Amino acid sequence: MLLYASSGISSTAGLTLVARAAAAKKGEEGESGTEEAKKSNHVMRKPEKQQLYRGSFVGLHLFAAWSVWTCRRGGFGWAVRLSATVRWIRNSGLEESCLKVHLPRFEGVTVSDRALQNQFMPIEFRNLKTKFVSVKNKDGKVKVGDLPPLMVKLKALSSAFTEDEIKQKLGESYDDMSNEIDFETFLREYLNLQGQAKEKSGGQKNSSSVLKTSSATTLVESEKATYVRHINIYLADDPFLKQFLPMDPASNDLFNLAKDGVLLCKLINVAVSGTIDERAINTKKVLNLWERNENHTLALNSAKAIGCTVVNIGTQDLVEGRPTLLLGLISQIIKIQLLADLNLKKTPQLVEVLDDGNGDIEELMALAPEKVLLKWMNFHLKKGGYEKTVTNFSSDVKDAKAYAFLLNVLAPEYCNPLTLDTKDATERAKLVLDHAERMGCKRYLSPEDIVEGWTNLNLAFVAQIFHERNGLSVDSKKISFAERITDDVQLSRDERCFRLWMNSLGVENYVNNVFEDVRNGWVLLEVLDKVAPGSVNWKQATKPPIKFPFRKVENCNQVVMIGEMLKFSIVNLGGNDIVQGNKKLIIAFLWQLMRYNMLQLLKSLRSRSRGKDITDSYIINWANRKIKSTGRSRQIESFKDKSISSGLFFLELLSAVEPRVVNWNLVTKGESDEEKKLNATYIISVARKIGCSIFLLPEDIMEVNQKMMLTLTASIMYWCLQNSTEECETSNGYSSTYASDASSPAPSVNGEDESSSLCSEVPSLTIDDAAPDVTVSSSQFENGESTTVE
């Protein structure tokens, strides 16, 4: 009774706060009401109203807690009374006011370079701005010499550098320490020092990009030698690159050969066949600056399209052959190649690792490839009598004992008894590599690489063992269940697109499987914070690993609430639907989020739209006008137009925005399925080559996937308007870069000109903090109907 009375008092207090706020709200809107409402409107100032709204937010929570108790104790009658009270709260408009005050608005510190801003979480970004402002002098300026005392106090740098070391490193870039420095330059210097600090300490949160090591120089040399051997093997027969191969692992051949971009493009195709149409690669012995830039832009956009994280890498980094960034990108590409078969679709025999019968096959399908590889390794180690569980590819394998047990299980015929008897770890590692080589594995790494515990190199070694001999059963009875797993082709294609898009935003937690990784809500909150900065209340979010299910629901409820604020159509979506992994609802929400992001991007171009709303029709009309301005007559009526499947419309559009980018000698008529696929593959590569960040497949063009046709056209439109004058919108068709180039030949329908154009950096998909109103219903998601930026 005491508990019930106290909860009743709490609810009364809560409703009192609610009533006061409702009165203030009513007066604020100028409605006729009680004297108390009018008085509150005249007397209360904005800060007081915000405080009252916050109090009413607490009041709503107190009332909600009491309501649950009362309904359980009081039955149906009390539930009816409570329902009437809830309706009163909603009719008052107070709920929305509470949320607007409680949740932060889309405001905050911004910089002109969105890619730079995306390197930081909002709270970290604001903290850095505050610290930067704190060292301004009387004139409101910050000098280079002011930075060392500031930077040495930053958490990421304090343990790695002294103030004098930071001063020395800044002195390498600035001759005069009294030079003025702006906030953006400060951020770049901070990121640069942060990267050096991580190399110095030998670690990074994302173990797939930079490995734990006590010597950054040794790591770079080890990785370089390993990747050179890999490239020498897999690209030895390439028609163009074979003249430069094999490379010497001890030299800088890798960095020099990578400078023209061809090597990266070819390596991406080895990792995921068909990603790049090689007809779009500039492959001359001597490439000019623009052609190199095109190749690197194509490589970076294609790398994103296979799942690489390239947020910190630009074309200039690749042109200059910066070792750390280049090796990091090559590492990701090779990792994707080596781990491609570590899933039940490609290797259904993996179901055998669930030999105890208690394993969850859906959980196995959701695991990241490296986690599956660890599970496979431990499965065989357990069979071989190895007592420890390997949890990483670094410290747990440094002594090479786990490798010895693994190889003895997989290839006992090549077993050497001395491998386990030797006490020296380096000698044992050498015997392990000899064993692996006898069973057919190429010798990529050295014994020292194993002993040092280089994560990427050890992971590549284990993946190579898996490819050569996985030791799994071929018994059809054991794998029949895995083979019977059906997959919705369109749903799978959409999942791939959204996964790649989410990862391209630079989220901290890499997404391996959308349907599983979003279930705790955290990744979706990260994406929302990238798309609508400041929309997430991080104080009310729980970061993984999350032990309690209700915390996951809380995260997902905030996702849904933010979706409502962004005017998404989420009638049938609740936080629990995301937690439960409802695939169709998750995909529908992500499409609205991606579309919102795209319209945010297009909103920045509204000045060029002469005040008109940016809709599907507007984008279509722009594309039709663009093509018509070149003297061609091909037009479409909607993104459902079946004529799109031939690919000719997009090829003419790409040729219109950049006349020299399409080689018409390579274009087919698009009549048969084979011809359509050739055109579609070429379209995607050409679009990426000029700078479009897109994630569609050739099948999306062939089947006229309306959603993907919209994103492709919008990407081309954005690139055109960003890289040319106002005339691009009207009739010209030539980018400003080439309008002044007298030596540039006119576009040829016969495709005789194969020269390349200047590529821009990949534009960031998030542009400004102001969010346009976007409404997309579930039916629109299915039918691809038009959405307007209000």
Side-chain angles (χ1 to χ4, degrees), residues 115 224 227-228 231 235 238-245 247 251-271 275-306 308 310-330 332-333 654 657-663 666 682 684-694 719 722-724 735-741 743-745 747 751 753-763:
K224 182 184 70 173
Y227 301 152
V228 164
I231 291 168
L235 291 174
D238 183 83
F240 178 77
L241 291 177
K242 64 182 181 181
Q243 59 185 316
F244 306 106
L245 301 179
M247 293 181 286
S251 69
N252 287 326
D253 289 350
L254 174 62
F255 304 128
N256 294 329
L257 184 56
K259 287 182 178 180
D260 65 6
V262 178
L263 174 64
L264 287 174
C265 291
K266 299 279 189 175
L267 195 58
I268 287 170
N269 269 356
V270 170
T275 300
I276 297 176
D277 188 331
E278 297 198 3
R279 297 175 297 174
I281 305 173
N282 299 320
T283 53
K284 296 189 299 185
K285 280 193 174 183
V286 180
L287 299 177
N288 61 41
L289 177 63
W290 319 131
E291 291 167 337
R292 284 186 175 186
N293 199 61
E294 279 188 332
N295 282 348
H296 287 307
T297 304
L298 174 59
L300 285 176
N301 282 322
S302 299
K304 286 200 294 184
I306 64 172
C308 295
V310 298
V311 175
N312 294 321
I313 308 174
T315 55
Q316 189 61 30
D317 299 319
L318 301 179
V319 169
E320 295 174 0
R322 296 185 180 179
T324 303
L325 295 177
L326 182 61
L327 291 177
L329 179 57
I330 292 176
Q332 292 185 73
I333 296 171
L654 287 165
V657 299
E658 183 45 76
R660 301 184 301 172
V661 77
V662 176
N663 181 352
L666 305 176
Y682 189 53
I684 294 172
S685 292
V686 169
R688 288 174 179 156
K689 184 177 179 179
I690 66 172
C692 297
S693 182
I694 50 178
W719 182 87
Q722 285 293 102
N723 290 272
S724 45
S735 69
S736 59
T737 305
Y738 291 99
S740 60
D741 187 355
S743 64
S744 299
D753 170 46
E754 297 184 35
S755 58
S756 305
S757 60
L758 174 63
C759 300
S760 66
E761 289 288 343
V762 182

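Source: prediction; values computed, not measured.
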Check whether any side-chain N or O of Asn295 sits under 3.5 Å from a backbone N or O of Arg292 as a donor-acceptor pair, and report yes or no.
no
Of all residues at least two apart in sequence or in a different chain, which pass the ring-ring contact (aromatic ring centres under 6.0 Å, His included) check with Phe255?
none
Residues that Arg279 engages under salt bridge (charged side-chain N to carboxylate O under 4.0 Å, His left out), provided they are two or more places apart:
Asp277
Backbone N/O of Ser251 and side chain of Lys224: donor-acceptor pair under 3.5 Å
yes
Interatomic spacing from OG in Ser693 to CG in Leu300 - rounded to 0.5 Å:
10.0 Å
What residues form a side-chain hydrogen bond (donor to acceptor under 3.5 Å, both in side chains) with Lys284, not counting sequence neighbours?
Glu291
For residues 258-268, tabulate all N or O donor-acceptor pairs below 3.5 Å that involve a side-chain atom, not counting sequence neighbours.
unit_1, atom_1, unit_2, atom_2, d
Asp260, OD1, Val262, N, 3.1
Lys266, NZ, Asp238, OD1, 3.1
Lys266, NZ, Glu278, OE1, 2.8

Any donor-acceptor N/O pair, Asn293 side chain to Leu289 backbone, under 3.5 Å
no
Among all residues two or more places apart in sequence or in another chain, which pass the side chain to side chain contact (heavy atoms under 4.5 Å, CB included) test with Ala305?
Arg688
With sequence neighbours excluded, tell me which residues meet side chain to side chain contact (heavy atoms under 4.5 Å, CB included) with Val270.
Tyr234, Leu235, Gln337
Using a 4.5 Å cut-off on heavy atoms from C-beta on, say whether the side chain of Asp253 contacts that of Val228.
no
Nearest 0.5 Å please: distance from the OG1 atom of Thr297 over to the CG atom of Asn301.
7.0 Å
